[in-house]
Amino acid sequence: MENGQVILAVLMGAFLVAVAGALTRLDQWDPSPTTGGAGVGDEASHGHREKPSGILRWLTTVDHKDIGMLYGTYAVVAFAWGGIAVMLMRLELSFPGETIIGASTYNALLTSHGITMLFLFGTPVISAFANYFIPLLIDADDMAFPRINAIAFWLLPPAALLVWGGFFLAPFMDTVAGAQTSWTMYPPLSASSTAMGTPAGPNGVINAGADLMMLGLHLSGISATMGAINFIATIFTERGEDVGWHNLDILSWTILTQSALILFAFPLLGSALLMLLADRNFGTMFFEVGGGGPILWQHLFWFFGHPEVYILVLPPMGIISYVLPRFAGRKLFGFKFVVYSTLAIGVLSFGVWAHHMFASGMDPRLEAAFMAVTLSIAIPSAVKTFNWITTLWQGSIKLTAPMLFCIGFISNFIIGGVTGVFLAAIPVNQTLHETYYVVGHFHYIVMGAIGFSVFVGLYYWFPLYTGRMYQQALAKWHFWLSMVGTNVVFFAMILLGYGGMPRKYANYEFPIGPTNLFTDLHQIATFGAIILFVGQLIFLWNFVVSWLEGPRVTDDDPWDLAEHGMKGREWDWFGENKLLPMTDGGEDDDADVATDGGQPVNAADDADE
């Protein structure tokens with residue numbers, strides 16, 4: 001089996017080297033144009049040429065807008081995978097004992113859900129917005145390195161196949177199963193994880209599915225690092241003449257800060273993963289008790305892992321800070337302080353990692369230091385929250401779907417943040433460590449805040465990247481179902497944690513403890529998850545049908561932002577580059593056009609303006 005693991009690792013390495021070699025030979029790989037101008041290293045100095053049609057366009061494009069769409073499509077697929085996995089887990093937890101799936105399958109779904117949502121959905125969906133809109137907002141022709149931008153995306157599909165590879169290969173190979181290490185991959189479990197749930201599992205055979213998952217995770221980190229370098233270079237060097245640091249938009253500031261965090265955090269995760277793979281396959285002792293020790297992994301992982309939380313949440317904060325003022329009818333209150341708080345979070349995020357390790361037996365003096373920094377990082381987050389609330393104060397508020405999700409973001413972020421402040425206190429942390437309280441707190445941030453911000457961006461810019469408008473009523477149904485479902489499921493988890501229910505358990509039929517209370521709260525949480533799931537089905541229906549058949553937008557100000565002076569640079573681009581070609585021939589007539597948030601209007605009226 002060890003020889004097989006070595007052969008597999010060598011083959012995967014050879015495959016990646018071959019892919020890299022093939023890409024370097026495509027010197028003229030430039031099928032899609034930018035709008036001219038010179039880029040760093042002449043990467044963006046392309047002339048206009050017609051894009052190829054069909055699938056070839058998407059396989060060869062280096063246009064930042066197309067790559068943003070590819071990232072978005074990929075993120076939706078990953079979100080669906082992670083969502084289905086968690087629904088199976090929640091249905092299993094509705095009753096004590098094994099009811100639908102066994103413990104091995106539950107552990108594999110738990111691992112896949114965490115890895116997928118954080119690395120295959122969270123980071124790529126942010127890259128989708130950043131790729132599409134950052135060049136538009138800073139008046140750049142394209143990304144600084146368009147080809148590297150494309151390569152960064154195309155590393156992600158094989159990464160997903162590797163992460164999910166254990167599930168795909170399990171029906172055909174007795175020694176492979178989905179990785180069952182949890183997303184944190186703590187040794188010694190991860191260093192010797194077997195293919196439990198397979199015929200070879202009881203014999204202690206090392207699970208190759210876990211190795212595939214770690215390789216896929218490493219590949220996704222390489223992709224994120226390449227993208228981060230590109231965003232930094234683009235924002236520093238590709239800004240238009242009238243875009244300086246003094247008037248750089250808040251979304252670009254958060255993407256810039258996030259990219260800097262990625263540069264410092266992701267390479268460390270990659271190094272730790274390679275050491276863990278070496279322990280599993282080559283007999284090294286980086287994380288063995290007689291070598292570096294399992295605690296070394298925790299330090300390395302969480303030095304990446306807690307900046308990762310801010311890698312995921314800073315750009316969503318930027319989306320909220322950018323969109324919310326549009327529907328409040330006034331500029332963002334305290335813009336400079338929002339920027340400073342973003343930079344402060346970026347710096348402080350590297351000094352809080354050990355609050356995940358308060359129960360690991362660290363020196364209490366060190367724990368106190370990390371507690372202090374963890375409490376202090378709540379201050380810049382609170383600055384943002386109060387700035388958002390103050391922006392709403394006495395504003396001319398329009399309760400569109402993007403605005404509803406902005407308000408939902410703030411509400412959920414406050415709950416997630418306050419519950420996190422409690423976890424920063426050492427005595428409380430040691431009491432609630434590894435309980436469902438942690439799960440509830442974390443998911444209030446990840447789904448209740450980050451997820452909501454994704455919907456803010458999708459709804460706000462929907463007319464721009466589709467040329468159509470969605471059904472506002474369905475979008476609002478999506479919001480209310482998501483808001484109710486989020487709070488039902490995750491607040492029930494907070495209560496489960498207070499009751500002492502440990503996380504990551506497939507079965508809670510304990511001989512002692514409040515099993516009946518656990519059952520009731522798990523059933524409430526499952527009911528909330530079903531509400532949340534139905535909301536996402538409505539979103540998917542509305543999103544796809546509106547993209548294909550929604551009323552066309554004929555106004556470059558579909559949200560009526562100009563009346564308060566809040567129209568952004570991207571809408572000017574929309575009017576100049578996408579709107580005019582669609583309406584130039586005068587063929588789109590009476591009823592099939594929409595402005596003003598999706599209300600159909602007559603095209604002739606729009607022409608009169």
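In this chain, residues are counted from 1 in sequence order.
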Are the side chains of Trp461 and Leu464 in touch, meaning some heavy atoms are under 4.5 Å apart? yes

Under the 6.0 Å and 45° cation-pi test, does Arg326 pair with Tyr322? yes

Between Met143 and Phe231, is any pair of side-chain heavy atoms under 4.5 Å apart? yes

Mark yes when over 12 heavy atoms from residues, nucleotides or ligands other than Trp480 sit less than 6.0 Å from its CH2; otherwise mark no. no

Should the ring pair Phe539 and Phe543 be called parallel, tilted or perpendicular, given that the plane angle runs from 0 to 90° and is split at 30 and 60? tilted

Sidechain-backbone polar pair: Thr198 side chain, Asp174 backbone, donor-acceptor under 3.5 Å: yes

Should the ring pair Trp559 and Tyr460 be called parallel, tilted or perpendicular, given that the plane angle runs from 0 to 90° and is split at 30 and 60? parallel

Exceeds 12 heavy-atom contacts within 6.0 angstrom, atom CZ of Phe527: no

Going by the rule side chain to side chain donor-acceptor pair (under 3.5 Å), which residues pair with Trp164 if we only count those two or more places apart in sequence or in a different chain? Thr116

Specify whether His356 and His306 have parallel, tilted or perpendicular ring planes, treating 30° as the upper limit for parallel and 60° as the lower limit for perpendicular. tilted

Decide if atom CZ of Phe422 counts as having more than 12 heavy atoms of other residues, nucleotides or ligands within a radius under 6.0 Å. no

Using a 4.5 Å cut-off on heavy atoms from C-beta on, say whether the side chain of Met483 contacts that of Asn412. yes

Side chains of Val446 and Leu312: does their closest heavy-atom pair fall under 4.5 Å? no

Taken in chain and number order and not counting sequence neighbours, the residues that satisfy side chain to side chain donor-acceptor pair (under 3.5 Å) with Ser411 are none

Neighbour count >12 (heavy atoms, 6.0 Å) for atom CZ, Phe533: no

What is the ring orientation for Phe121 with Phe79, classed by angle as parallel under 30°, tilted 30 to 60°, or perpendicular over 60°? tilted

Give a yes or no on whether the backbone of Gly535 and the side-chain of Ser482 come within a donor-acceptor separation of less than 3.5 Å. no

Would you call Phe129 and Pro315 a side-chain contact if the rule is heavy atoms closer than 4.5 Å? no

Thr184 side chain near Trp302 side chain, heavy-atom distance below 4.5 Å: yes

Decide yes or no for Leu215 and Leu273: does some side-chain heavy atom of the first lie under 4.5 Å from some side-chain heavy atom of the second? no

Residues Tyr436 and Leu496: closest non-hydrogen pair is CB-CB, 3.8 Å

Would the number of heavy atoms belonging to other residues, nucleotides or ligands and lying under 6.0 Å from CZ of Phe491 be above 12? no

